[in-house]
Each structure stands twice: as C-alpha cells, then as structure tokens.
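Chain letters run A, B, ... following the sequence lines, proteins first, then strands; residues in each count from 1.
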Amino acid sequence: MLKKFDKKDEESGGGSNPFQHLEKSAVLQEARVFNETPINPRKCAHILTKILYLINQGEHLGTTEATEAFFAMTKLFQSNDPTLRRMCYLTIKEMSCIAEDVIIVTSSLTKDMTGKEDNYRGPAVRALCQITDSTMLQAIERYMKQAIVDKVPSVSSSALVSSLHLLKCSFDVVKRWVNEAQEAASNDNIMVQYHALGLLYHVRKNDRLAVNKMISKVTRHGLKSPFAYCMMIRVASKQLEEEDGSRDSPLFDFIESCLRNKHEMVVYEAASAIVNLPGCSAKELAPAVSGHWAFFQPASHVYVAMKHPSAVTACNLDLENLVTDSNRSIATLAITTLLKTGSESSIDRLMKQISSFMSEISDEFQGTCYPQDTHGPQGKDALCQKYPRKHAVLMNFLFTMLREEGGFEYKRAIVDCIISIIEENSESKETGLSHLCEFIEDCEFTVLATRILHLLGQEGPKTTNPSKYIRFIYNRVVLEHEEVRAGAVSALAKFGAQNEEMLPSILVLLKRCVMDDDNEVRDRATFYLNVLEQKQKALNAGYILNGLTVSIPGLERALQQYTLEPSEKPFDLKSVPLATAPMAEQRTESTPITAVKQPEKVAATRQEIFQEQLAAVPEFRGLGPLFKSSPEPVALTESETEYVIRCTKHTFTNHMVFQFDCTNTLNDQTLENVTVQMEPTEAYEVLCYVPARSLPYNQPGTCYTLVALPKEDPTAVACTFSCMMKFTVKDCDPTTGETDDEGYEDEYVLEDLEVTVADHIQKVMKLNFEAAWDEVGDEFEKEETFTLSTIKTLEEAVGNIVKFLGMHPCERSDKSLLPYIPVLLSSLLGVFRGGHDILVRSRLLLLDTVTMQVTARSLEELPVDIILASVG
Amino acid sequence: IESLICEPSLYTVKAILILDNDGDRLFAKVRFPFELEQKAFEKNIFNKTHRTDSEIALLEGLTVVYKSSIDLYFYVIGSSYENELMLMAVLNCLFDSLSQMLSTQAGGLHESSSRQAWATQKNVEKRALLENMEGLFLAVDEIVDGGVILESDPQQVVHRVALRGEDVPLTEQTVSQVLQSAKEQIKWSLLR
C-alpha cells in the first residue's frame with residue numbers, strides 16, 4: 001500500500017517527499033477510514049503516520065479535531081497488527097495534551113501492558129503514563145510496580161522512565177516504588193540499571209545520606225552500565241561541590257577510579273568532572289587531563305585551558321597535533337589555547353604550523369567560525385605584547401595571512417592587528433608599514449585601503465626613508481577609484497608638509513591630481529597644493545597635519561544656526577563645541593579592537609543632551625556655547641542618605657553652571673524650591689540659583705547654580721565651593737502621596753565641590769603634536785621646573801599630570817617606550833575654554849625623585865599662566 | 001560558563017533533528033521547554049554544519065553532535081555541559097537502527113543477513129526514510145523517551161520496532177494467505 005501511494009505521487013509529478021503537500025483537513029478526513037470494518041492496517045497506519053508527521057511539522061491541531069481523530073483511532077485497537085498498534089500508542093502520546101478525554105484508552109492500554117505480547121508492553125506502559133494524572137495513578141499503581149520489576153528489560157525500562165516523568169506531578173505515589181526500583185537497580189540489563197539508579201537518585205536527591213550510601217554501594221559493587229556510571233559521577237561531583245569537600249573524600253576516589261573504566265564515555269565524564277571541580281590542584285588534574293586528551297572533545301579542553309593554563313602546558317605537544325584537525329572549531333580552539341599557554345620558544349614553530357593551516361581553510365573558515373577567527377588575531381595581538389622580540393615573525397605571519405583570499409571582516413581583523421602592533425612597538429613600524437603598502441597594492445576593500453593610506457600619511461614621514469612610500473601612495477592615485485584616490489592625495493600632502501626635500505616632487509604629483517575626474521579628489525589636491533605652496537609651517541600644521549577638532553554634529557548645528565540668522569560677522573569656528581574625549585584615551589590594553597569606537601559616540605551625545613537641557617533654562621541664555629561638561633557626575637552625599645545629590649560641572653567661556661541632580665529618598669516628604677547655595681573660596685561670584693520646584697519621593701529633579709569666573713585674578717581658576725542645600729519640606733502621606741499645605745524651611749549640608757584646571761580644558765586629539773607646537777609659536781611660551789617628591793615612577797607622574805590638567809597625551813607620549821631610560825618626554829594637548837589650543841611639553845627625569853620641566857605654549861597668555869600657576 | 005557541575009539528571013537529550021539537504025525538517029523530537037525558536041534554530045544549525053564533515057559543534061549554548069548520510073542530516077542536541085559521548089551514543093543508535101531497518105525493508109524479508117551487511121548505510125537517504133516514516137517514529141520512540149535515553153543498542157531497537165516486511169500485492173499472495181484473509185473477512189462480517 002505504501003508503494004501505491006508513492007507511485008501516485010510520482011505520477012502526479014510530486015517531488016520525492018510524499019508528505020510534502022499534506023493538508024491537515026484532508027488528512028483528518030481520511031481518518032474516517034478508521035471506522036471501516038474490516039480494518040485495513042496498512043492504510044490506517046499510514047494515515048496515523050501522516051497525522052504524526054503534520055504535528056511534527058508544527059501544524060496545530062484544534063481540540064475538537066484532535067479529539068475526533070483520537071476517538072476514531074481508538075477503534076484501531078480492534079486490529080492485532082503490531083505496527084498499527086504501535087502507531088496508536090505514538091498517536092496517543094502525541095495527542096495526550098491536545099485532545100480531550102484521552103483517558104478512555106486506559107483500559108486498552110492496561111490490557112496491553114499486562115498482556116502476552118512483549119513488544120506491546122513497554123510502549124503501552126509509556127503511553128499509559130503519558131495520559132495518566134495523579135488521581136488515576138492510584139488505579140494503575142499495582143501494574144506499575146509489577147512492570148518495574150518485570151523480567152523483560154524494555155518493560156522495566158519503560159516503567160522506570162515513565163515513573164521518572166511522573167515524579168514531577170505525583171512525587172508521593174512514585175516514592176512508594178523505591179523498593180521495586182532498588183530491585184531493578186541490580187538488573188543485568190545496562191539500561192534498566194541506568195534508569196533505576198536515575199529514578200532512585202531523583203527520589204532521594206534531597207537526602208544527602210541516602211545519596212552518599214548509593215555512591216558507596218556503587219563504588220563497592222561496580223556497575224555494568226556506562227550510562228549509570230556517568231550518572232553516578234555527576235551525582236558524586238555534585239555532592240563534592242556541596243560538601244565543599246576535601247579531596248580525601250571517598251567521593252573523589254570514586255570519580256578518580258572511573259578514570260580507569262573501560263568505557264570511554266565514563267572516562268570522559270570522570271575527567272570532565274574532576275577538571276570542573278572548583279579549586280583542584282595541578283597534581284589532581286594531571287590524570288584527568290591526560291584522560292581528556294585521549295578523545296579530545298573540543299568543548300571541554302578549552303574550558304580546561306581557560307581555567308588551568310598551567311595544567312595544560314604539559315599537553316601542548318598534543319595540542320599542536322590537534323591544530324591540523326579537520327574540524328575547524330577544534331583547530332581554532334587549539335590554536336587559541338596554545339597561544340595562551342605557549343612559551344616564547346615554541347612560537348616560531350607554531351606560527352609555521354598555523355600558516356600552513358590557514359592556507360588550507362581559506363574562505364570556508366570565515367563562514368563557519370568567524371568569531372573564533374577574529375579571536376585568533378586578537379590572541380596574537382596579546383601575544384606580541386607579551387613577546388616583543390618576536391614581532392618580526394609575527395609580522396611576516398600576519399602578512400602571509402593578509403595575502404590569502406579572505407572576506408572583509410577577516411582582512412580587517414588582520415589589518416587592525418598589524419596596526420596595533422605598529423602602535424605598540426616602534427621597532428616594528430617600518431616593516432609593518434611596508435607590509436601594509438604591499439597590501440594596498442592589491443586591496444579590494446575601500447575602507448581598508450583608505451585607512452592604511454591615512455596611517456601611511458601619519459607615520460610615513462617620520463620614518464628614516466619616507467620617499468619609498470611615495471610610490472605606493474601615488475600608485476593608488478593612478479589606479480584606484482575616487483575614495484581611495486582622495487585618501488591617497490591627503491597622504492601625499494602630509495608627506496609634503498613634513499619633508500622639505502620631498503616637497504618639490506610632491507608638488508609635481510599634486511599638480512597632476514588637480515586634473516582628476518572626481519570633484520573630491522580635485523578639491524583636495526587644489527587645496528593642499530595651495531597650502532603647500534605657501535611654504536609656511538603654521539599653515540601646514542593647521543590645515544594638513546591636524547584636522548578639525550570640533551564635534552561634527554555640533555558643527556553641523558552651529559552652521560545651520562548661522563545660515564538661519566544671517567549676520568555680518570564671519571562664522572567663528574571657536575563657537576562650536578569640541579569633540580569630547582578622543583577615542584584612544586578610552587582604549588584599554590585588553591579591549592577587543594572592534595569594540596573601541598562605541599564609547600566616543602555616547603560621550604558626544606551626552607554633551608549634546610546637556611547643551612540642549614541648559615539652553616532650555618532662560619537664565620542661561622547668553623552664556624555662549626557649552627565648552628565642557630565634566631565627564632562623571634560627582635556625588636555630594638553618601639549614597640545611602642536621605643537626599644542623594646550629584647553634581648555635573650558645565651564650563652562656558654566666562655561662566656560655570658553647576659547642575660545638581662537631586663533625589664529625595666524619604667517617602668514621607670516632598671521638597672519644594674530646592675536650591676544649592678554655594679560659597680566659593682576664590683574670587684568666583686555666584687550669579688543666580690535656578691531652583692527645582694518640587695522634589696517628590698524618588699523622582700529625580702534638577703537645580704542649577706550659575707557662577708561667573710573670577711575677573712580680577714583670572715589665573716585663580718581652581719576653587720573649592722562649600723555647598724548647602726536649601727529647601728522647603730512638606731510632609732506627605734507615604735501611601736496616598738497627599739501633601740500638607742504648610743511647610744517649613746530646612747537646610748542640608750553637602751560635601752565641598754572642587755573646580756580644577758581640568759574643568760577648563762578640553763581634551764583634543766591632534767595627530768601631529770610637533771606641527772601644532774610649531775604652529776602656535778613661542779610668543780607666549782613659559783617654562784618652569786618642579787620637583788615631585790612623592791611620586792616614584794615616570795608613568796605615574798605623567799598620569800597625574802594628565803589627570804590634573806585634563807589634557808590629552810599625544811602620540812602615546814604618556815608611555816615610556818624604553819623603560820630603562822629614566823627620562824620621559826611627554827606632549828599634552830588641550831583646548832582652553834574660549835577655544836585656544838594649549839600645548840604642554842613636559843620633560844621628566846627620574847633620579848631619586850621625579851624632576852619635571854614644564855613648557856607651555858598657547859596663542860594667549862592667560863592659559864599658559866593658569867597652567868603653570870596650577871601645576872605649581 | 002558559570003557552574004559546570006550540572007544537576008545530575010537522566011534528561012540528557014534536548015532534541016533529535018533530521019533535516020534534508022535543503023535544511024528542511026523531516027523529523028524533530030524536541031523536549032519542551034526548548035529555549036530557542038525551533039525553526040530559526042534549525043536554520044542556524046544547518047548552516048553551521050552542513051558543509052563540514054566533522055561531528056560535533058557548540059551552538060547557542062548547546063552541544064550538537066551530528067552525522068550526515070547522502071541527503072539527510074541527523075542531529076542530537078544536549079546542553080552545553082552534556083557528555084558528548086553520550087549524545088554520540090544516541091546518534092549512532094538512531095542511525096544504525098534506521099540503516100538496518102531500511103536495508104531489511106529494501107532487501108525483503110528473506111534476504112540473508114550478509115546481504116544486509118553491505119546494504120547497510122547505503123539506504124539511509126531521504127526517499128527511503130520517507131517511505132518508512134512510521135519506522136522512524138517508532139525507532140525514535142524506542143531510543144529516547146521524553147529526553148531520557150531509553151535504549152542505545154540498535155539491535156534491541158530494531159527488534160522492538162519489529163516492522164513487518166514488504167507489502168505483498170494480492171496477485172502474488174499464496175493460496176493459503178488469500179484463504180486466511182478471506183477467513184478473517186468472513187469472521188468480521190459474522191461478528192457484526
């Protein structure tokens with residue numbers, strides 16, 4: 001009959017799947033055949049199969065239709081066809097939760113369960129337990145007890161497993177069956193033993209003593225079933241963990257003894273259990289780890305490596321073999337593990353192996369295990385920090401990887417990695433750059449090409465032989481499309497700006513670019529050409545080497561504002577808020593390269609939000625643009641007090657606004673007219689208070705205090721304010737929130753608030769400090785020397801200065817590149833309120849204490865004075 | 001990876017999946033509650049595995065062991081801390097049971113067991129499986145019950161499923177068989 005169905009399908013041109021176009025309604029219609037006598041077992045079984053298939057495909061059966069089909073199906077119990085009967089059991093199980101009144105088959109199933117046909121009995125038990133609820137269970141309890149100890153394994157197993165399922169709703173009934181389960185546990189059949197032990201454990205799992213007894217019994221007598229062993233190992237390791245126990249415990253001995261079991265499954269389970277036990281020593285791990293290596297299941301050995309690097313070291317050789325495994329994930333995991341645990345000497349060898357491996361995998365690799373892949377280069381990134389001497393090998397390796405075929409993400413990860421190596425390690429700069437040059441010769445990704453060109457423009461001119469890069473860059477101008485050409489033109493201009501002797505040839509090249517087809521390229525070329533022809537260092541620095549430092553959305557808004565209100569004045573770039581916190585600042589050593597860009601964006605929008613909020617307050621009109629907001633609000637109260645006040649400082653050209661975010665944590669009070677009174681120690685002048693009108697329980701409110709910066713002595717910017725919160729208290733009912741009309745005045749003393757130099761200086765990032773330094777000129781240069789007696793290292797000293805002044809250390813000059821030389825020259829850059837760049841160069845010398853010479857330059861005298869006054 | 005020590009339990013298998021070479025579901029036995037959206041999970045699992053010839057993967061916090069045969073993909077899925085070898089035992093049992101059942105089907109009842117041996121594995125393909133869906137349903141029912149491994153020996157599974165052989169068309173039935181069925185029909189009409 002089956003065949004006939006198929007033939008029909010083929011004739012009607014149906015595909016190879018006879019179930020493909022099943023209609024639920026049609027199939028249920030067919031189910032009427034069940035009522036025919038005599039029953040045609042094949043046909044009926046096939047219809048049941050169709051119904052099951054539909055349910056399996058996620059087709060939803062309504063209660064009525066399911067019940068109808070179910071009742072029709074019960075007729076099929078009249079047939080003695082074994083397959084049909086078995087299909088009935090399956091249908092009962094599937095429909096037990098859809099159809100109603102499924103319990104009507106109980107008697108048929110009970111009959112089958114106790115009948116002569118062994119092949120029916122197991123499935124009947126399972127189907128019966130599926131439709132039985134706790135009330136009905138009593139009725140079949142006797143049969144279940146018999147079934148558990150039945151000599152036919154399938155019946156016994158079925159009964160045990162069904163009991164396990166029943167535990168959830170009828171724990172008390174099933175509990176009475178432990179004696180039978182105990183008997184079954186000594187059954188010779190491995191599955192029966194497994195199921196019986198499992199059931200026993202589930203019943204007794206809250207009784208520690210009983211569980212321990214079970215384990216010791218198993219330890220003494222041993223088990224036949226590997227499954228049961230795995231189960232008991234888990235039980236034992238759980239007990240161990242709860243006991244927080246010593247390793248002398250018999251439980252641990254049991255697990256360890258399982259390492260010598262003849263079944264791989266058991267050895268593996270035991271090894272995993274030992275490895276995962278908290279705080280075990282390397283010695284205990286050793287046998288387990290070697291057990292693991294016998295099979296190499298990827299999931300677990302990585303855990304091992306992460307948790308116990310030292311223990312794995314011994315297996316590094318094995319791991320190296322694993323690198324060539326055909327399973328990509330295993331291979332990558334092996335590499336990452338090796339890179340973590342490997343020693344310097346093995347890296348050469350490892351790299352060789354990886355290169356051969358990389359070539360095998362090509363593109364397929366990125367599709368399947370890209371995450372691990374990026375993990376790879378990152379691992380190497382960390383590695384080159386660890387072993388700086390190996391950078392040449394690494395470079396070569398990365399470069400070979402770069403030449404292989406690969407997708408964008410893959411290439412980007414590698415380029416990121418090379419760039420970070422260049423940044424971290426100055427010795428590798430030239431090799432890295434020349435590798436990248438070759439890469440862009442044949443690079444299909446615009447983003448990467450422009451990025452590398454930018455890097456070349458930045459780093460190239462400072463190398464010993466800059467002219468060799470020119471050819472690569474100019475090749476781009478000739479061969480690539482617009483975006484890359486534009487990038488290349490900028491890079492060329494940077495070379496011209498920094499190298500006198502190359503300038504004439506650069507000018508020639510730029511002149512050719514002026515003829516370009518693309519607007520952007522032409523514009524850039526013309527612009528750079530004109531700037532360069534002036535031959536003025538200041539111009540070069542301002543327009544070629546360092547770009548805009550303003551925030552782009554801020555500039556957009558300012559420009560829009562300007563076009564809306566036409567005025568005689570030319571647009572002033574200084575009125576645009578500066579871009580906040582340069583991204584390199586937020587980068588920590590360990591953050592993945594890809595995740596770096598996020599925080600900058602958030603910071604920029606934060607300042608935007610403040611600006612908008614402040615602009616909405618009428619008192620603050622006419623203060624000019626917001627120059628800087630302090631990055632983190634300062635808490636002026638302990639976090640657990642009645643009122644929680646946090647302050648954000650906003651700096652304007654001649655004023656400061658203190659924003660107090662207040663929260664009232666008392667539910668029986670409403671505060672009104674909240675202000676924060678401030679008493680400055682210096683010549684600041686408090687202009688006005690903007691109160692928070694009402695501060696109900698747990699609803700944050702904001703009040704502001706506006707102060708003018710000191711006029712007579714402009715250098716005295718650092719100041720301490722004593723703060724006092726004043727408000728009117730009105731009692732209120734905590735439940736209804738109704739407030740009394742009468743209130744009384746009250747005060748609350750807050751902690752002092754510090755205003756420092758850093759509040760007046762915004763960090764900016766310029767790519768080329770040297771050029772900016774020359775651009776500013778030495779008109780207002782001042783220099784002073786200090787001794788820092790309390791600080792012991794150079795980095796600490798620079799760190800303190802950076803924090804104190806709130807300026808940005810340029811070109812990683814806050815890090816000492818050569819740790820053994822006790823001199824550090826660092827360059828700091830910031831913008832003083834009002835928009836003037838301020839540059840600080842500090843020379844530090846470490847003898848017994850740190851001696852610091854600070855040189856500051858700016859276009860105005862005031863900022864220089866302030867800096868020097870504050871440092872002293 | 002918080003606690004790697006898991007609650008000891010017999011509930012080992014979270015799901016058994018059989019997909020065809022387009023990644024469409026032919027069969028799925030899923031233990032509820034299954035945390036993931038099933039269709040999306042199937043897509044994901046198929047995309048991640050169908051081009052590789054390995055047998056294990058870690059996906060969405062689950063351990064997946066798999067095997068392919070001609071145009072079919074078999075998956076057994078457990079939690080991330082599950083013993084992979086246990087899942088493998090289930091997968092092998094399912095596959096071996098099916099290949100035995102399908103080869104007996106194709107070879108007919110009277111085929112010798114030696115024939116079966118070489119026919120094994122050859123027949124585990126989509127078409128043969130679809131012709132024996134009931135066999136598949138029954139076999140899975142014998143291997144796993146509600147996530148608990150019920151049996152791991154393919155011989156036992158095949159024995160318990162005890163599928164009947166090839167259907168014999170009426171024209172080829174022996175006289176005694178025809179008589180037998182006629183008797184039965186008469187019996188039924190009398191019973192009414």
Side-chain angles (χ1 to χ4, degrees), chain A residues 1-3 6 16-19 37-38 42 45-46 48-49 52-53 56-58 82-83 86-87 90 119 122-123 126 154 157-158 161-162 164-165 191 194-195 198 201-202 227 230-231 234-235 237-238 241 264-265 268-269 272-273 276-277 295 297-299 303 326-330 364 368, chain B residues 1 3-10 20 25-29 38-39 47-48 51-58 63 80-81 83-86 88-89 126-127 130-134 137-138 141-142 145-146 148-153 156 159-164 166-167 184-185 188-189 191-192:
Chain A
M1 195 54 85
L2 267 173
K3 261 221 163 117
D6 291 337
S16 55
N17 186 348
F19 297 95
T37 32
R42 280 176 190 282
H46 190 69
L48 286 179
T49 312
L52 290 180
Y53 184 85
N56 207 270
Q57 288 294 318
T83 307
R86 302 284 315 279
M87 289 308 285
L90 278 187
N119 273 346
R126 300 200 296 270
S154 80
S157 273
S158 297
V161 172
S162 301
L164 186 67
H165 298 324
M191 293 320 281
Y194 169 56
H195 296 139
Y201 171 71
H202 277 275
F227 293 103
C230 291
M231 173 78 195
R234 282 186 203 182
V235 173
S237 68
K238 184 161 185 279
E241 188 194 31
E264 288 187 344
M265 191 192 289
Y268 177 58
E269 183 73 45
S272 310
N276 291 332
L277 276 178
F295 327 107
Q297 298 296 321
Y303 298 155
S326 61
N327 187 327
R328 303 280 173 257
S329 340
I330 295 188
E364 178 201 357
T368 49
Chain B
I1 314 162
S3 175
L4 287 160
I5 303 206
C6 46
E7 183 65 22
S9 159
L10 289 189
D20 68 5
R25 181 197 311 166
L26 290 180
F27 176 83
K29 185 105 192 154
Q38 199 181 337
K39 270 269 156 55
N47 287 336
K48 290 274 162 61
R51 273 178 300 168
T52 56
D53 50 359
S54 45
E55 47 188 18
I56 183 158
L58 275 173
T63 306
S80 57
Y81 49 72
N83 187 331
E84 291 87 345
L85 293 175
M86 258 169 140
M88 214 54 204
K126 184 177 169 185
R127 203 187 153 73
L130 283 168
E131 282 171 14
N132 285 287
M133 266 324 243
E134 48 188 21
F137 283 124
L138 293 177
D141 184 54
E142 289 295 345
D145 183 71
V148 181
I149 304 175
L150 204 57
E151 183 54 71
S152 63
D153 177 8
Q156 284 295 323
H159 170 72
R160 288 181 200 167
V161 169
L163 269 191
R164 72 175 92 76
E166 185 65 0
D167 193 22
E184 252 181 18
Q185 287 193 20
W188 274 113
S189 48
L191 274 171
R192 285 212 312 188

* **Note, B:F137 side chain near A:N56 side chain (heavy atom, < 4.5 Å)** => yes
* Asked: Is the shortest heavy-atom distance from the side chain of B:L10 to the side chain of A:Y194 under 4.5 Å?
  ->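 Side chain of B:L10 against side chain of A:Y194, heavy atoms only: contact under 4.5 Å found.
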Taking every non-hydrogen atom, the tightest pair across [X] and [Y]:
X: B:L150; Y: A:R126; value: CD2-NH1, 3.2 Å
X: B:R25; Y: A:Y53; value: O-OH, 4.1 Å
X: B:K39; Y: A:Q57; value: NZ-O, 4.4 Å

* Asked: Between the main-chain N or O of B:D145 and the side-chain N or O of A:H165, is there a donor-acceptor pair closer than 3.5 Å?
  ->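 Answer holds: yes.
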* Asked: Is a donor on one side and an acceptor on the other found under 3.5 Å between the side chain of A:R86 and the backbone of B:R160?
  ->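 Checked: pair present.
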Residue part contacting chain B, namely of [X], when any heavy atom lies under 4.5 Å:
X: A:F227; answer: both
X: A:L52; answer: both
X: A:H202; answer: side chain

Spacing of [X] atom [atom1] and [Y] atom [atom2] [to the nearest 0.5 Å]:
X: B:I149; Y: A:S157; atom1: CD1; atom2: OG; answer: 11.5 Å
X: B:N132; Y: A:T49; atom1: CG; atom2: OG1; answer: 9.5 Å
X: A:M265; Y: B:M86; atom1: CE; atom2: CE; answer: 6.0 Å

* Option that, when pairs with chain A are counted at under 4.5 Å, heavy atom only, ranks first among B:E151, B:Q156, B:E142 ->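 Of the candidates given, the most pairs with chain A belong to B:E142.
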